[in-house]
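Computed from heavy atoms alone, side chains included, the values below leave out hydrogens, waters and symmetry copies.
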Amino acid sequence: MSSASAFNKLDFLKPLQRARLATVAVEQVIESGDMIFKEGSSSDFFYVLLSGKVEIFNKIRREVISKDNFFGTEVPCGIEQYLFTATAKSKCKLLKIKKDVLYDTIDAYDLQKFQKRFLQSFVGAFYPKNFLVFKKDYVERLFAQANRFWVNGVGWILAAIVPFIVYWLLNKTSINYQSQVFLAILSAWSIIASFRLMSDYVATMATIFLLIAGGVVKTKVILAGFSSSNFIVALSLLGLASVLVSSGVVYRIMLHILKRCRPSHLGDNLIMLGIGGLLTLGVPSFMLRTDMMKTFYHDTLHIRGLDDESRQAQALGFSAYCGAGIFSQSILSASMMHFVLLGLFWGQYANQYDWWGWLFASLGPIAVLLCGYFLILHFSFRKETADKELSSRAKNNHTHSSHLTKILKILGPASSTEKASFICMFGAILSLATVSIHGIAPDVICLLILLFLFTFEFMNDKGFQSRIKWDFVVFMCGLSGIAFAANDVGLISWLEDNTKWMTEYLTHHFFELTTLMIVISLIAQLMLPRDVNLNVLSIMFIPLFQKNGVSPWIAVFIINTVGRIWFFGYQEPEYGVFIKSSKNASTGLAKALKDARLRLNIFYILSIYIGVFYWKWIGILPW
C-alpha cells in the first residue's frame, strides 16, 4: 500500500513537508492483537497506518483507525504521554516517525498548524494541560543561568572599563581625537560581541547611536550603509534565498539525483558536496545553508538506510557540512559581508572583482581545499567492511528507487514558485558574473529580480516580512556604516602614515606579511565573531593594500579564509547547529566531524600560501 494517499491527507502542510515526513518514516509490521503503545507510556512515535485496522481506547473513548489514517497524535501536539492504548485489530503495516525526527523535519510555523489540526481530536474529551509542555531539568537550568550570570557580569565590567583604558592609551599617540573616541567605542562593541552580551544587530545599532550622539561621525556617514547599493543587493538576495529555500526546489533536485545514482561511498558524498555548492550560489548565509544541509543529510540517511553511527553516515555528515561552507570565501554571493567589503574597494578594484572575477581569483586556493577534502574523506572515513556494505546497498538500489518514487509522488510536480526561484537564482548569478559586459549595476539587477518575485506573487508582503532576516540586514548595513566611519574620522589616513614599513613587505616579503595576517586573524577570532573579525581587520588592511598598488581582494580573502579555521565550538556556531539535530544528537558524528574539520584547517592555511603563487601567476599580485 502506497503511503502517498496517507501523507496527502496532511493538506495543511506544504508538499515539501509531506515529502520529508515520508522520507524519515520507518516501516513496521504489527501482528493482530499486538499492543503498539499503552496509555500513560512515553509518547515517542507518530504513526501512519498503511494497511489493517488499529483500535485506540481509554476509559472515556474508543475508536478504530483504518488505513491511510494517523494515530499517536500526542506527539505532534507536544503531549509527553500517550492518552490512549493502541492495539492491532488485524495484521497491520504502518510507518512510524520518531518524535525528535518529526520536530526536526517540520519547521516551527508548520508545526503549529500540525498541532492545531490534531489538538481538535482531544477537545470535547479531555485535555490534560500538565502533559502539554516538555519537562526541563531545573537543576541543569539553574546552573546554566548561574554560569551565564558570571560571564555576563565580567563582560559588562570589561565593556565599561576597557574603552577608558583604550582612550587613555591612544591619547598618548598622534592619533586625532575623533579616532580615539571611535576606537574606544569600538572596543566596547568588540567586548559585547565577544561575550555575546547582546544580539549582534543590537550591539551594532548601539555603537552607531553612541558614535552619532558623541559627535564623532556625521549621521549621513555612519548611516551610509543603509542607503548604499549594498543594502539593495542584500535585501534582494535574501529575498531570493527565502523563496529558493521555502519552495523546496533544491530538495527536489537532491531527490532526483539520489534516484538516478546508485548508492556508493564516493557518489553519495559528492552529491552532498555538490548540493552544498549549489546552495552556496544562491543562499548568502552560511548558517542557513548549514541548517538546510543538516536536513538533506538526515533525509539521505533515511533514504539510503544508513545507521546514524556508521562511518558512511559520518562521512556524509562531513561532506554535507563542507558543502555548506567550503566554497563560502570563493563565491561573491555566498555572503552579504562580501558585498559590504566590496563597497570599500577603489573603483578599478570594485569593477575587477565582480562575481566571475571573485571566483576566478579563488580557483587556486579552492582546488587545494578540495584536495584536502578528498584526502580527509578517504583516510578518515574508511570502513573495514566497505565492499560488503556497498554491495548490500547496491542490491537494495531498486528498493531505494521505489521509495524515492513514492516521495516524489507526494511532493508532486514542480510548482511555478520552484521554477521561478531556480531561474531567478541562475539569472542573478549570470547577470552578476557579466556586469563588465552589460554594464548594469548589481543593485539594479537584484532589484529587478525582487520586483519580478513580487509582481508575479512568488513572494507576498507577509512572506517578505517574515522570511527576510531583518536583524541580519541591519547588522550588515551597520558594519558597512562603521567601515565608512573609520575613513571619515581619519583613522585610515593615520594607519597609512604609520604603517609605511608595510610597503616593503607587500612588495618583497609577502609571505612574511601573509603569516602575520594569519596570526593576527587567528588571535582575533578567539575573541570576536567571524563577521565582526572580518569587518574590523578588513577596514585596517584594505586601504593599506590599495595604497601600495596591491589588490585589496587578497587581504579580504586571507582574512576570510582564516575565519573558516576554528578550534573551539563557540568559534563556529554553524557546527553546533549541524550536530544538534535532535535531543539525542549523534555523539559519533560530533566527534568525527570535529576531528575532520580540524584536519581541514591545515588545508585552509595551505590554500593561502599556495594561493600566493596562483595570484602571482594570474597577475593580481606582483612577483
Side-chain angles (χ1 to χ4, degrees), residues 1-30 36 44-52 54 65-73 75-76 92-107 109-111 113-115 117-118 245-261 263 268 271 275 292-308 313 316 393 396-415 418 581-582:
M1 177 66 65
S2 172
S3 60
S5 58
F7 281 104
N8 284 334
K9 286 188 176 182
L10 299 173
D11 54 354
F12 51 92
L13 295 179
K14 296 189 289 287
L16 174 60
Q17 301 293 351
R18 298 200 297 268
R20 291 210 57 228
L21 284 179
T23 301
V24 300
V26 177
E27 189 173 300
Q28 185 177 11
V29 176
I30 304 294
I36 302 172
D44 295 326
F45 293 96
F46 173 65
Y47 295 89
V48 181
L49 185 59
L50 300 181
S51 64
V54 171
I65 304 295
S66 58
K67 68 177 183 179
D68 292 345
N69 280 299
F70 308 90
F71 62 100
T73 50
V75 173
C92 301
K93 180 189 291 185
L94 50 84
L95 297 174
K96 63 179 184 179
I97 304 170
K98 195 174 181 180
K99 177 196 296 182
D100 295 338
V101 175
L102 177 70
Y103 288 170
D104 290 334
T105 301
I106 303 178
D107 59 40
Y109 178 72
D110 288 323
L111 187 59
K113 293 190 291 185
F114 211 178
Q115 292 173 342
R117 171 66 65 93
F118 286 120
V245 171
S246 62
S247 70
V249 61
V250 181
Y251 189 76
R252 182 188 295 275
I253 291 172
M254 184 193 74
L255 292 178
H256 279 290
I257 294 174
L258 288 174
K259 182 182 177 182
R260 285 165 173 75
C261 296
D268 288 350
I271 291 172
I275 291 296
M292 292 183 67
M293 289 306 299
K294 177 189 72 175
T295 296
F296 296 164
Y297 160 66
H298 284 285
D299 287 4
T300 302
L301 294 187
H302 286 282
I303 291 170
R304 293 305 199 203
L306 292 170
D307 179 66
D308 290 352
L316 282 177
R393 291 169 63 202
N396 293 327
N397 186 52
H398 177 72
T399 304
H400 293 148
S401 179
S402 177
H403 181 51
L404 283 167
T405 300
K406 292 178 182 179
I407 296 172
L408 288 168
K409 183 179 179 182
I410 295 171
L411 195 58
S415 65
E418 289 181 67
S581 56
S582 66

Quiz item: Which heavy atom of D299 sits nearest a heavy atom of R20, and at what distance?
Solution: OD2-NE, 2.5 Å

Self-check item: Distance (rounded to the nearest 0.5 Å) between K96 NZ and F46 CZ
Solution: 14.5 Å

Practice problem: To the nearest 0.5 Å, tell me how far L258 CG sits from R304 CZ. | Solution: 5.0 Å

Exercise. Apply side-chain contact (heavy atoms from CB on, under 4.5 Å) to S247 and list each qualifying residue two or more places apart in sequence or on a separate chain.
Key: V249, T417, E418, S421

Quiz item: Closest heavy-atom contact between L316 and L306?
Solution: CD1-CD1, 3.6 Å

Quiz item: To the nearest 0.5 Å, how far apart are CD1 in I271 and CZ in F296?
Solution: 13.0 Å

Quiz item: Can you tell me how far CD1 of I303 sits from CG of L404, rounded to the nearest 0.5 angstrom?
Solution: 5.0 Å

Practice problem: Take L21 and V48 through the test side-chain contact (heavy atoms from CB on, under 4.5 Å) and record every step on the way to the result. | Solution: CA-CA 10 Å; L21 284 179; V48 181; over 6 Å; no

Quiz prompt | Closest non-hydrogen atom pair between T23 and Y251, with its separation | solution = OG1-OH, 3.2 Å

Practice problem: Spell out, as yes or no, whether a donor-acceptor pair under 3.5 Å connects the side chain of R252 to the backbone of G412. | Solution: yes

Quiz prompt | Least distance between heavy atoms, K67 atom then L50 atom | solution = CB-O, 3.5 Å

Quiz item: Shortest non-hydrogen contact from A19 to I407?
Solution: O-CG2, 3.7 Å

Self-check item: Heavy-atom closest contact (I36 atom, L94 atom, distance)
Solution: CD1-CD2, 4.1 Å

Quiz item: Can you list the steps and then say if H298 with V24 is a side-chain contact (heavy atoms from CB on, under 4.5 Å)?
Solution: CA-CA 8 Å; H298 284 285; V24 300; over 6 Å; no

Exercise. Supply the atom-to-atom distance L255 CG to T300 OG1, rounded to the nearest 0.5 angstrom.
Key: 8.0 Å

Quiz item: Where does the angle between the aromatic ring planes of F71 and Y47 fall among parallel (under 30°), tilted (30 to 60°) and perpendicular (over 60°)?
Solution: parallel

